[in-house]
Amino acid sequence: MRPLQIGLLGMGTVGNGTYQVLQRNKLHIERRLGRILEIKMVADLDIAKARSQVAEYCEVVSDANLVIANPDIDLVIELIGGYGFAFDIVLKAIAAGKHVVTANKALLAVHGSQIFEAARQKGVMIGYEASVAGGIPIIKVLREGLTANRINWVAGIINGTTNFILSQMREKGWSFDQALQQAQSLGYAEADPTFDIQGIDAAHKCSIISAIAFGIALPFESAYIEGISELQAQDIQFATQLGYRIKLLGITKSSPQGIEVRVHPCLISEKSLLANVEGAMNAVMVHADATGTSMYYGKGAGGEPTASAVIADVIDIARWSSVDPGSRIPAMAFQTDDLADTRIMVMDEITSCYYLRIGVADQAGVLASVSSVLAQAGISIDAMIQQPADLVKMQTELIILTHHAQESDMKSAIAKIENLPTVLGSVVRIRKEEFN
Ligand code: HSE
């Protein structure tokens, strides 16, 4: 069979990793696929650098449009990033009848519906395993491995930068800013780490997971997103005293009320597997009706782990390209004409347990007044610690863990607590999840 001819757009860390892994494992891949994969063209603005990374026979250009214009190219790997030029070039590649493999979660979360529809109409495939959790094949797990199941929920640590920062804050007692600087100097965080620390990168990935887990349109616009930049080292230490770790989780759940899609910091029991995912590692936990809970752990970023996912998609596309489009695995796991229009729940509707840190005057009756507000809202206390009082300022802090409560009830209880004359300043509130 004729080799599959590939055009690679973007020779950064993942682009170079993809080229190197394909060369290094060429024979193994051919033994598995029964067909040769050939990177025929590479496009990168830095032509000299790209030239130094690839073999002589590979054509190097600076304009990605030249790759799209080449009729011999069957498949384009988009590793440019962002949703400006990358969006344009992906649509052009599809219009030219080329299959596309991308690691671009932002592009798919925001413009995925348009991209998948264009690909469907043209009969080409979009591979996006590399867009979520890098080297962990979670798209394949949800779309194929667990295809017999009804998925109940998925929860994961799907941003390595923030997990690294939170691990450093806990282990070293550092502030958020200190840990961020460390992440940047070690190359984990981007120079502009906004998408990571604000939870947007995790929300892109969580939206893709949610769509393929539940057979819905990409829900990014309705996702609840809260990052980690407001987290204080003392809350991480208090959580530790109570037997919990704080992680930035992407959570998507199906319930009779609708689907939850949310990213926010969470206390989770230190005994849970997820709590022990440290540093820049990723992990995704899936609860499905037949399998129960399963968990997938690995590197969520980096040149070769991400290249592994990119190449797996290329191999799949090479296998499926000769199959009638209607008989292929649906791009978004469910048949396009059978997507559900299940509503995405707003945050006020969800239920969670909560961690509260409340600064109070060290006076008689303060604890009773706080617990009375919670009791009136029907919110039950699970555990509590009180810090030894500052005897000069006559102040102390109450740390309370609650049982499950609805977010809207907790919000109004916090507003009432903050209005108590003996409560000093804002209440710190972090959600707590149990994955049993
Ligand atoms: N910025 C991402 C992370 C890289 O920190 O996980 C992979 O998407």
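It should be emphasised that the depicted structure is a prediction, and the values quoted were computed from it without experimental measurement. All ligand and atom numbering here is 1-based and tracks the order in the structure.
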Are any of the N/O atoms on Gly300, whether in the backbone or the side chain, positioned under 3.5 angstrom from an N/O atom of ligand 1? no
Proximal ligand 1 atoms for Asp201, defined as those under 4.0 Å from one of its heavy atoms: 2 (C), 8 (O)
Check whether the side chains of Lys247 and Asn163 place a donor and an acceptor atom closer than 3.5 Å, and report yes or no. yes
Before you tell me yes or no, could you show the steps for Gln20 and Asn16 under side chain to side chain donor-acceptor pair (under 3.5 Å), namely the whole-Å CA-CA distance, both residues' side-chain angles and the distance that decides it to 0.1 Å? CA-CA 6 Å; Gln20 302 311 327; Asn16 188 42; 2.9 Å; yes
For Phe195 together with His204, are the ring centres under 6.0 Å from each other? yes
Go through ligand 1 atom by atom and flag the ones less than 4.0 Å from a non-hydrogen atom of Asn159. 1 (N), 2 (C), 3 (C), 5 (O), 6 (O)
Do me a favour and list the nearest non-hydrogen protein atom to atom 5 (O) of ligand 1 with residue, atom name and distance? Thr161 OG1, 2.6 Å
At the 4.0 Å heavy-atom cut-off, does Gly134 count as touching ligand 1? no
Heavy-atom pair of closest approach, residues Asp235 and Arg357: OD1-NE, 2.6 Å
Please write down residue, atom name and distance for the protein heavy atom closest to atom 6 (O) of ligand 1. Gly160 N, 2.8 Å
Is any N or O atom of Lys105, backbone or side chain, closer than 3.5 Å to an N or O atom of ligand 1? yes
How about Thr194 and Asp192: does a side-chain donor come under 3.5 Å of a side-chain acceptor? yes
Check whether any side-chain heavy atom of Phe238 sits under 4.5 Å from a side-chain heavy atom of Tyr244, and report yes or no. no
Shortest protein heavy-atom distance from atom 4 (C) of ligand 1, along with the residue and atom involved: Ala301 CB, 3.8 Å
Here the pair of heavy atoms bringing Leu339 nearest to Thr336 is CG-O, 3.6 Å
Below 3.5 Å, N or O to N or O, backbone or side chain included: is there any such pair between Asn282 and ligand 1? no
Identity and separation of the nearest protein heavy atom to atom 1 (N) of ligand 1: Asp196 OD1, 2.8 Å
